[in-house]
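Written below as structure tokens is the structure these notes are about.
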Amino acid sequence: MTGDARKSFSLAELAERFGGNVVGDAATRIRQVAPLETAGPEELSFLANRKYQKLLASTRAHAVILDEEARDATALPRIVCKNPYAYYARVAALVNPELMPEPGIHPQAAVHAGARVAASASVCACAVIEEGAEIGDGAVIGANCFVGRGVRIGRRTRLHANATVYHDCVIGERVIIHSGAVVGADGFGMAMDEGRWLKIPQIGRVVIGDDVEVGANTAIDRGALEDTVIEEGVKLDNQIQIGHNCRIGAHTAIAGCVGIAGSTRIGSYCQLGGSAMISGHLTIADRVVISAGTLVAKSIARPGTYTAVFPMSPHDEWLRNASLIRHLHEMMDRIRKLEDEIKKMERK
Amino acid sequence: MTGDARKSFSLAELAERFGGNVVGDAATRIRQVAPLETAGPEELSFLANRKYQKLLASTRAHAVILDEEARDATALPRIVCKNPYAYYARVAALVNPELMPEPGIHPQAAVHAGARVAASASVCACAVIEEGAEIGDGAVIGANCFVGRGVRIGRRTRLHANATVYHDCVIGERVIIHSGAVVGADGFGMAMDEGRWLKIPQIGRVVIGDDVEVGANTAIDRGALEDTVIEEGVKLDNQIQIGHNCRIGAHTAIAGCVGIAGSTRIGSYCQLGGSAMISGHLTIADRVVISAGTLVAKSIARPGTYTAVFPMSPHDEWLRNASLIRHLHEMMDRIRKLEDEIKKMERK
Amino acid sequence: MTGDARKSFSLAELAERFGGNVVGDAATRIRQVAPLETAGPEELSFLANRKYQKLLASTRAHAVILDEEARDATALPRIVCKNPYAYYARVAALVNPELMPEPGIHPQAAVHAGARVAASASVCACAVIEEGAEIGDGAVIGANCFVGRGVRIGRRTRLHANATVYHDCVIGERVIIHSGAVVGADGFGMAMDEGRWLKIPQIGRVVIGDDVEVGANTAIDRGALEDTVIEEGVKLDNQIQIGHNCRIGAHTAIAGCVGIAGSTRIGSYCQLGGSAMISGHLTIADRVVISAGTLVAKSIARPGTYTAVFPMSPHDEWLRNASLIRHLHEMMDRIRKLEDEIKKMERK
């Protein structure tokens, strides 16, 4: 986070690139983005959530991004725009350009003679690329990555160190795959035969669309017979498990530790909270929101938020109440009996 | 999934290899397996579940595998056998032979002079094998794998790229270990001593039996004093955590994202659903089925299916009902009080 | 666990190093530690939990560690001390010294000319260390590890094989990072903008204090704007996910498969049970214990144990009771109605 050598931009220059209206001194120069509480000289902050508006009074940011409604909530130089959070994201990317390795193949990488690597791509040390793989323009294959036989990696896609892509998988453009992610391992398919599990060959692939991000240590299994498909713009956090034959709809965002069992289809623009678990062979509609920790065992046909979480209590209180869960049926019976008795008494 | 160069087999040849009876044209040749819905020319499909029987009418498969009961449900050339799903698994393996690297040690691998690698084994690029390790006949150590000091890898076992096996662990024959799996890291053992955690050396090993499969990014910790044992035929999906000193019984299948805390013993032929969590120091009998998302906090002595899942609802409905969980005790009290009052009224 | 070549120590020597009082033959020599049930010749056992005291009668250990209260519970040579479990941990470490690679850089490692590696540090085969990284005295960078640009690794810290540390992260002294762990991947930050997710650059770091242990396949994301901080003495088990901007207080222990969403602060000396899930932007006080499998959706201000787990039942019983969860509100309404009717009847 050393900002010294970082290039600076005036608010006018930012507005020219990203739109929005400058209010106040358009020559104000900024070098970095920061939250309202901690921003200082040459730093640009933003107000994306009304509940932080009071911080505008005390912030030491040199300028802020805010929306039309908050336009006059500060006297600081400011950029007024429709979506301050997205605007901040764009400025943050501008002033913090990603550090990219030099194009070319590191002498300690192991690239098969039958692989095709674009001249503008980078293959880092100890990366291994097998026969028939194709690495697109400007792609980066990080240190110690593995790219299997016949894999296609699209333009400007980046595999961070220690990522693994099994044979024949297809990765789109501008995809980011973080370290430890495994794309295309065998799905969990087997048949019980005379007391032993027989492995079912997993002959499908994983096909990942453009602009997808795959978090650290996430695993996406290849299909059994057909492909596992991650559509464009899907964002996957860390430690996620996606079973074979799943299809995740475009622009769906899935938080950490989620498990999705095989052959389930998730719609577009869904949001799955952390540690949610989706059973296999289900269909989840577009724009469904699943709360963190929720187990989904049935298909969901309508947009909306769905939840299944036991409410937390101090342990003793939990113990008292949880023990009654096993007696709910009996409680219901006792209520019915009371109702009957009261009816009988009233009749008398 | 390009099938062009794939070898073809007649139904007669398949029956000779795998048994079953051919009904219809035994010279029908197939090159690939496929589901009933999507199968086409030279493809063999299967009916393993009665509920898909209606698809037989419309399938464009050239032949199907089915059981005695479904024998006459189609006029297509067919193989009639006892277990169509297992039969399909065998044919799928025959027509989709696993691609294996050439035997030998890649020049960019790092194999210690004191390791023993069978001549028929393959050690891929950037794999690291330490002193005293033994790699059996036909085994494959994938790219960027790590095999620690003194590890023994059995015959025809395959470690996919980026798998890790810590020192002294023992892996049986025909085992498959997927990418990102970690076998033999230290168990989570420590003693609190004057405000600081003191690490307890983990001096046991992990011992994995024959025909085990370990999914991507699964971790199996080494024992604290004794060994962690995975018995033969166990199938582990992705993202599983198995704590130190556990023993998993033969042919048990564990779905993705399951956690098993230390010193727990799971019986044989158990099935654990995705995201289940088993506490430490428990004993689970043979043939126990744990539903997905279930937390098991007590030992289970009898076979059967066990479940602990909060049922999912639309969020508002959940909110209304979940808030009452904390009042179950009070609800029970009110029921008891009503019962008392009714008794009193009846006595009058 | 071959103990043949292992050095032996007399009880007197142990007491000199670690304190405690020897009762019985102080010349008794031991070579290894073992549990009471399985200990044999030259093995030292320990009694850390009163419930195992009966095993003292039958153990074949040559000596035992126990506390003042249990001092006379055996006639075996023994070391009497305040904390037998911690004492055992110290002896176990003494008789099982960690095997360390030779200092120096393996010829197949890839260390950037602009990285600084202490002469006493070890860099194993196929490890990749980028520009500006600093590796402290006695540190070990395991095979196939990745250490990004500008990373600082403290003295005597050990990265096991296939661990990944992204650029600019700071790791303290005597830290242990297990295989497959990923430190410093991008946090899950994005802004929705006209139907597409816009990535928010993650420009913070991960800063890990001294004496931390990070389990296999655990992921700790870098901060969005500020740092993600793991304070000294924190112990993280396997498969854990820690989101961006989190702060985990000193000496907190977190069991396997736990997920902690972004910007949450966990206090010191907390204990989180396996598969617990903590939502984002929460504050958890010091010395809070979260039970396994519990979802925490609200901040916790007081020490204590907190739980949220649906109790397990045989599946049929679960089905009967779980279906009533969705009718709790109705049950409550019926109870209220009954109370009203009884009041009305009493008034008559």
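Hydrogens, waters and symmetry mates play no part in the numbers below; they use all other heavy atoms, side chains included. Below, read A as the first sequence line, B as the second, and so on, with proteins coming before strands; counting in each chain starts at 1. Keep in mind the model is a prediction, meaning the values are calculated, not measured.
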Can you say whether [X] sits under 4.5 Å from chain A via the side chain, the backbone, both, or neither, judging by heavy atoms?
| X | value |
| --- | --- |
| B:V33 | both |
| B:H327 | backbone |
| B:N83 | side chain |
| B:E213 | side chain |
| B:P35 | both |
| B:A292 | both |
| B:Q239 | side chain |

Taking every non-hydrogen pair under 4.5 Å, which of [options] racks up the most with chain A?
| options | value |
| --- | --- |
| B:N238, B:I176, B:L319 | B:N238 |
| B:K82, B:E98, B:H160 | B:H160 |
| B:I254, B:V95, B:N321 | B:I254 |
| B:A255, B:S323, B:G233, B:S313 | B:S313 |
| B:G293, B:G256, B:A143, B:A48 | B:A143 |
| B:P107, B:A250, B:C124, B:A93 | B:A93 |

Could you walk me through whether B:I342 and A:M345 pass the side-chain contact (heavy atoms from CB on, under 4.5 Å) check?
-> CA-CA 9 Å; B:I342 287 204; A:M345 293 173 76; 4.0 Å; yes
Heavy-atom pair of closest approach, residues [X] and [Y]:
| X | Y | value |
| --- | --- | --- |
| A:L198 | B:A86 | CD2-O, 3.4 Å |
| A:Q241 | B:C257 | CB-SG, 3.6 Å |
| B:S179 | A:T164 | OG-CG2, 3.3 Å |

Interatomic spacing from CE in A:M331 to CE in B:M331 - rounded to 0.5 Å |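 Here the rounded value is 4.5 Å.
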Reported OG1-to-CE distance for the pair B:T294 and A:M277, which is rounded to 0.5 angstrom =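 Here the interatomic distance stands at 10.5 Å.
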If we only count heavy atoms from C-beta on, is the [X] to [Y] side-chain gap below 4.5 Å?
| X | Y | value |
| --- | --- | --- |
| A:V182 | B:N162 | no |
| A:I203 | B:Q32 | yes |
| A:R334 | B:M332 | yes |
| B:Y88 | A:I200 | yes |

Partner chain B: residue of [options] with the largest heavy-atom pair count (under 4.5 Å):
| options | answer |
| --- | --- |
| A:S275, A:S291, A:A181, A:A308 | A:A308 |
| A:A322, A:A163, A:P311, A:A185 | A:P311 |
| A:V289, A:I240, A:I260 | A:I240 |
| A:A191, A:P201, A:C145 | A:P201 |

For the pair B:H178 and A:Y166, name the ring-plane relationship: parallel under 30°, tilted 30 to 60°, perpendicular over 60°.
->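 If you compare the ring of B:H178 with that of A:Y166, the planes turn out tilted.
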Does [atom1] in [X] sit with more than 12 non-hydrogen atoms of other residues, nucleotides or ligands closer than 6.0 Å?
| X | atom1 | result |
| --- | --- | --- |
| A:R152 | CZ | no |
| B:E102 | CD | no |
| B:R320 | CZ | yes |

Under 4.5 Å heavy-atom distance to chain B, tell me which part of [X] shows up: side chain, backbone, both or neither.
| X | answer |
| --- | --- |
| A:A261 | neither |
| A:E317 | side chain |
| A:A109 | backbone |
| A:E330 | side chain |
| A:T305 | both |
| A:R149 | side chain |
| A:A297 | neither |
| A:V309 | both |

Determine yes or no for a side-chain-to-main-chain donor-acceptor pair under 3.5 angstrom, with [X] supplying the side chain and [Y] the backbone.
| X | Y | result |
| --- | --- | --- |
| B:N217 | A:G180 | yes |
| A:W197 | B:H251 | yes |
| B:R326 | A:M312 | yes |
| B:Y269 | A:G195 | yes |

For side-chain contact (heavy atoms from CB on, under 4.5 Å), just list the numbers for A:I325 and B:I325, CA-CA rounded to whole Å, side-chain angles, deciding distance to a tenth of an Å, and then say yes or no.
-> CA-CA 8 Å; A:I325 295 272; B:I325 295 272; 3.7 Å; yes
Pairwise salt bridge (charged side-chain N to carboxylate O under 4.0 Å, His left out) hits with a residue in residues 180-198 of chain A, at least two apart |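 Those involving residues 180-198 of chain A are A:D186-A:K199, A:D193-B:R90, A:R196-B:D211, A:R196-B:E232.
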Dump the intermediate steps for side-chain contact (heavy atoms from CB on, under 4.5 Å) on A:E226 and B:T38, then the final yes or no.
-> CA-CA 9 Å; A:E226 321 218 347; B:T38 61; 3.0 Å; yes
